[in-house]
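The structure appears right after this line, and notes come after that.
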Amino acid sequence: MCGRYTLKTKATDIARRFHFDLNPGLEDAFRPRYNISPGQGISAVIDDRDKDRRVPEILHWGLVPSWADDPAIARNLSNARLETVDAKPSFRDALRYRRCLIPADGFYEWKSTAGGGKAPHYFEVEDGALFGFAAIWEHWAHPDGSEILSCALLTTRPNALMAPIHDRMPVILPPELEAAWLDPRIINPAPLLPHLQPYPAEKMRARPFSPKVNNARLDDPSLLSDPPPPQEIAFFDKLL
DNA sequence: CCAGACGTTGTT
DNA sequence: GTCTGG
DNA sequence: CCAGACGTTGTT
DNA sequence: GTCTGG
């Protein structure tokens, strides 16, 4: 699955890469992040049909279906399986009408170890370049009148690079598909889905990571230079 | 017809 | 074991 | 995703 | 809201 990622690229570079205007007031939302977790507000890019342009949006990571009685259901819906997303009542409308892209420049997956432990690994695309996770979003009206905008990241089977670490991986949009994925005029997503594949392993790289990332309160650049456990380095070296 | 679920991950 | 916080 | 809490009463 | 189970 995908339950943690980074977005450390400068806000102006993110806006340029995904073609949106960086409105004032988004400085904090787009501050460099090294440990983004479910339950937080995350930066997304959507195509606003009325304005006919791409806009940044802050969405709660964890989707709340519009019919939900309790928004706490979001805790279980931070991901949506690509294989079934078009059939699930919780996701179907969002897939048709509310697709979005989540800017990122790396993500974490945990490898279950023999002793029942978890060893984090860090994954990047194209030598650390920005990319977009394929995601869907939804709105939920609170009885008190307030509204929650929320999202779920799509997942799929792992590519060859990820398979030794984990049995799922997030769906990363091929850049040439980004425009169609965001296009709100496309309300039949079926032709898009075959283009969503496990991202090519040869365009990604991976490394074992410091267990400090386990603690979601730690969100600073020192994580990236903190050494991983020696046994995980050894495990990783054997894969090559 | 009404009642009750609706989801993912990991783990067993 | 399960729920909440980050 | 992982980490960490998880409870009451009375009193200050 | 919509689908499934009874």
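In the text below, chain A, chain B and the rest are named by the order of the sequence lines, each starting its count at 1. Note that the structure is predicted; figures quoted are calculated from it, not measured.
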Please produce a list of atom pairs where a protein N or O lies less than 3.5 Å from an N or O of nucleotides 2-6 of chain C.
residue, atom, partner, partner atom, Å
dG5(C), N7, R75(A), NH2, 3.2
dG5(C), O6, R75(A), NH1, 3.1
dG6(C), O6, P38(A), O, 2.8
dG6(C), N2, R4(A), NH2, 3.1
dG6(C), N3, S37(A), OG, 3.4

Whether F209(A) and Y108(A) hold their rings parallel, tilted or perpendicular, with breakpoints at 30° and 60°: perpendicular
Salt-bridge present (K111(A), E232(A); N to O < 4.0 Å): yes
Dot-bracket pairing map - DNA chain C, Watson-Crick plus G-U, both contacts under 3.5 Å, | cross-strand: ||||||
Gap in Å between the two C1' atoms, one belonging to dC2(D) and one to dT11(B), rounded: 15 Å
Pairwise P distance, dT8(B) and dA3(D) [rounded to whole Å]: 24 Å
Establish, with yes or no, whether the OP1 or OP2 oxygen of [N] is under 4.0 angstrom from a side-chain nitrogen or oxygen of [X].
X	N	result
K212(A)	dA3(D)	no
R81(A)	dT9(B)	yes
K118(A)	dC2(D)	yes

Centroid-centroid under 6.0 Å between Y5(A) and W61(A) rings: yes
For atom CG of N35(A) and atom P of dC2(D), their distance in whole Å: 12 Å
Sugar-phosphate, base or nothing in reach of D93(A), heavy atoms under 4.0 Å: nothing
Nucleotide nearest W110(A) (side chain, heavy atoms from C-beta), chosen from dT11(B), dC6(B), dC1(D): dC1(D)
